[in-house]
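Here's the structure we're looking at; comments come further down.
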Amino acid sequence: MPAEVRVFAPATVANVAAGFDILGFALGEPGDQVRIRRTAAPGLVLRNETTFAAMPLDPAANTAGVALQALLDHLGSRDGFEITFLHKIKPGSGIGSSAASSAAAVYGANYLLGEPLTRAELVPFAMEGERLASGTAHADNVAPALLGGFVLVRSYKPLDLISITAPPRLFCSIVHPQIELKTEDARKVLKKQISLKDAVVQWGNVAGLIAGLLREDYGLIGRSLQDVVVEPIRSLLIPGYERIKEAALSAGALGCSISGSGPSLFALSTDEADARKIAAAMLSTCADCGMDSESYVSSVNGQGAVILS
Ligand code: HSE
């Protein structure tokens, strides 16, 4: 058993338009990279070798520390670990930065402990990191970060995760306007109740999206990327949202919506060249709206967290 591993856990797109808190998928890039090693003394030590100086290194205030401690408590383990962050997705980006850290920590430590738990069994511990980050232990980022592909959270109590393999031609374009939007804040603005009329539209679209993924029906996937519950409210927090979305659709996207709680937007398409064109159109519209932004183009990552070395 090695004493040290380097782990990659991918960025993720949660909600996927209509599936607020119940659907997400993993990206090929970007992601978090951490080095985890067992230490002689019990307790957790966190180190930061990334470019983000502001990262909390108190294990009780860091999503990776909280997630790993929850796992160790469950296992009744007094083992000590040192987690060094080597590369970090920008916090507050909407592509699962906190989830990637939590997933990497529990996946790497579980590996070093001889894999007492399966990937799926690690999800509830990574969810504790989300509770710290956003006030709610939602699973729609951590589950795909650990399991890869699309994951449907059929139920939270009990936790029932359904993995769905992505259709082979599906590509994702992400544009990340360089503003920080905390998930906790983006959750506070949401209405606690919705109308039956909106619910009917929303669950039609969630079901349509799942059917489209399973049938590899790209037209159905595109038609189902509609969110009448969350997007109308959260889009107001993203300057130029409608213009950026329109640019993605005009460039040929199947559909486009907010990635997680934003400010990133995601757009799906069926070909890498199209996905690059769509990302370029979104980037240039962000620039027209006066925002610096970054973009990523990726197929769906079917693997989830991996040991790099
Ligand atoms: N489902 C969560 C939300 C995802 O929308 O608040 C956050 O990335």
Determine, step by step, whether E130 and S98 satisfy the side chain to side chain donor-acceptor pair (under 3.5 Å) criterion, reporting the C-alpha distance in whole Å, the side-chain angles of both residues, the deciding distance to 0.1 Å, and the verdict.
CA-CA 7 Å; E130 297 295 65; S98 55; 2.8 Å; yes
Non-hydrogen atoms of D140 and G19 that approach each other most closely:
OD2-O, 4.5 Å
Does a side-chain heavy-atom distance below 4.5 Å link T50 with M55?
yes
What I want to find out is whether K88 reaches E49 closely enough, with some N-O distance under 4.0 Å, to be called a salt bridge.
no
What closest approach, in Å, do A137 and Y156 show between heavy atoms, and which atom pair accounts for it?
O-CE2, 3.7 Å
L213 side, atom CG; I164 side, atom CD1 - distance, nearest 0.5 Å
6.0 Å
Is it true that D79 and R38 have a side-chain N and a carboxylate O under 4.0 angstrom from each other?
yes
Working for side chain to side chain contact (heavy atoms under 4.5 Å, CB included), residues L113 and F81
CA-CA 11 Å; L113 291 168; F81 288 90; 3.9 Å; yes
Do V7 and L117 belong together in a cluster built from hydrophobic side chains that touch within less than 4.5 Å?
yes
Is the backbone N or O of S101 less than 3.5 Å from a side-chain atom of D32, with the two atoms forming a donor-acceptor pair by type?
yes
Assess the residue pair F8 and I307 against the criterion (side chain to side chain contact (heavy atoms under 4.5 Å, CB included)); give the C-alpha distance rounded to whole Å, side-chain angles, the decisive distance to 0.1 Å, and a yes or no.
CA-CA 6 Å; F8 171 83; I307 304 291; over 6 Å; no
Can we say R35 and E82 salt-bridge, meaning some charged N sits less than 4.0 Å from an Asp/Glu carboxylate O?
no
Is L146 linked to V151 within one hydrophobic cluster, defined over Ile, Leu, Val, Met, Phe, Trp and Tyr using a side-chain heavy-atom separation of less than 4.5 Å?
yes
Using only atom types and a distance under 3.5 Å, with no angle test, would you say the side chain of S261 pairs donor to acceptor with the backbone of A186?
no
Could you please spell out the steps behind the side chain to side chain contact (heavy atoms under 4.5 Å, CB included) verdict for L44 and L72?
CA-CA 10 Å; L44 304 183; L72 296 175; 3.9 Å; yes
Within this structure, what is the CG-NZ distance for the pair L265 and K245, rounded to the nearest 0.5 Å?
8.5 Å
Would a hydrophobic clustering, with Ile, Leu, Val, Met, Phe, Trp and Tyr connected at side-chain separations under 4.5 Å, put I162 with V300?
yes
Heavy-atom side-chain proximity of P91 to S97 below 4.5 angstrom:
yes
Taking I221 as the starting point, is it possible to reach L152 by hopping between hydrophobic residues whose side chains are less than 4.5 Å apart?
yes
Across all chains, not counting sequence neighbours, the side-chain contact (heavy atoms from CB on, under 4.5 Å) partners of P232 are none
From CA spacing to verdict: side chain to side chain contact (heavy atoms under 4.5 Å, CB included), I95, Y296
CA-CA 11 Å; I95 49 173; Y296 305 96; 4.2 Å; yes
Test item: S155 side-chain N/O and K157 main-chain N/O as donor-acceptor pair under 3.5 Å:
yes
Ignoring hydrogens, what is the shortest heavy-atom contact between L46 and P59? Give both atom names and the distance.
CD1-CA, 3.9 Å
Is the count of non-hydrogen atoms from other residues, nucleotides or ligands lying under 6.0 Å from D185 atom CG greater than 12?
yes
Could you check whether any side-chain N or O of N110 sits under 3.5 Å from a backbone N or O of L122, counting only pairs where one atom can act as donor and the other as acceptor?
no
Using a cut-off of 6.0 Å, state whether more than 12 heavy atoms not belonging to Y218 lie near its atom OH.
yes
Is there side-chain contact between V16 and F25, with heavy atoms separated by less than 4.5 Å?
yes
Under 4.5 Å between any side-chain heavy atoms of F266 and C256, yes or no?
no
In plain terms, say whether E246 and R243 are close enough for a salt bridge, that is, a side-chain N and a carboxylate O under 4.0 Å apart.
no
Between the OG atom in S224 and the CG atom in L268, the distance rounded to the nearest 0.5 Å is 11.0 Å
Taking all non-hydrogen atoms of both residues, which atom of P10 and which atom of G304 are closest, and how far apart?
CD-C, 3.8 Å
Least distance between heavy atoms, P177 atom then P263 atom:
CD-O, 3.3 Å
Using a 6.0 Å cut-off, check whether atom CD of E29 has over 12 heavy atoms from anything other than its own residue.
yes
Are side-chain heavy atoms of R131 and T63 found at a separation under 4.5 Å?
no
Interatomic distance, Q202 atom CD to S195 atom OG [nearest 0.5 angstrom]:
10.0 Å
Given side chains that start at C-beta, do those of L27 and T12 come closer than 4.5 Å, heavy atoms only?
no
Answer yes or no: is there a side-chain heavy-atom contact under 4.5 Å between I244 and M291?
yes
Nearest heavy-atom neighbours spanning V175 and C286:
CG2-SG, 3.9 Å
With a 3.5 Å distance limit and no angle check, can you tell me whether S298 reaches the backbone of G28 through a side-chain donor-acceptor pair?
yes
Rounded at 0.5 Å granularity, tell me how far OG in S264 sits from NZ in K90.
10.0 Å
For R215 and I210, indicate whether the former's side chain and the latter's backbone hold a donor-acceptor pair under 3.5 Å.
no
If only atom types and distance count, is the side chain of T39 paired as donor or acceptor with the main-chain N or O of A41 below 3.5 Å?
yes
Euclidean distance, D274 CG relative to R276 CZ, rounded to 0.5 Å
11.5 Å
Joint cluster assignment, L209 & L147, ILVMFWY side-chain distance < 4.5 Å:
yes
Please determine whether side chain to side chain donor-acceptor pair (under 3.5 Å) holds for the pair E184 and S134, giving the CA-CA distance in whole Å, both sets of side-chain angles, and the decisive distance to 0.1 Å.
CA-CA 4 Å; E184 191 173 10; S134 73; over 6 Å; no
Without swapping roles, check the side chain of Q178 against the backbone of H176 for a donor-acceptor pair under 3.5 Å.
yes
Looking at R234 and D227, does any basic side-chain N land under 4.0 Å from a carboxylate oxygen?
no
Check whether any side-chain N or O of S173 sits under 3.5 Å from a backbone N or O of A275 as a donor-acceptor pair, and report yes or no.
yes
Specify whether H74 and F125 have parallel, tilted or perpendicular ring planes, treating 30° as the upper limit for parallel and 60° as the lower limit for perpendicular.
tilted
Look only at the side chain of N48 and the backbone of L57, and say whether a donor-acceptor pair between them is shorter than 3.5 Å.
no
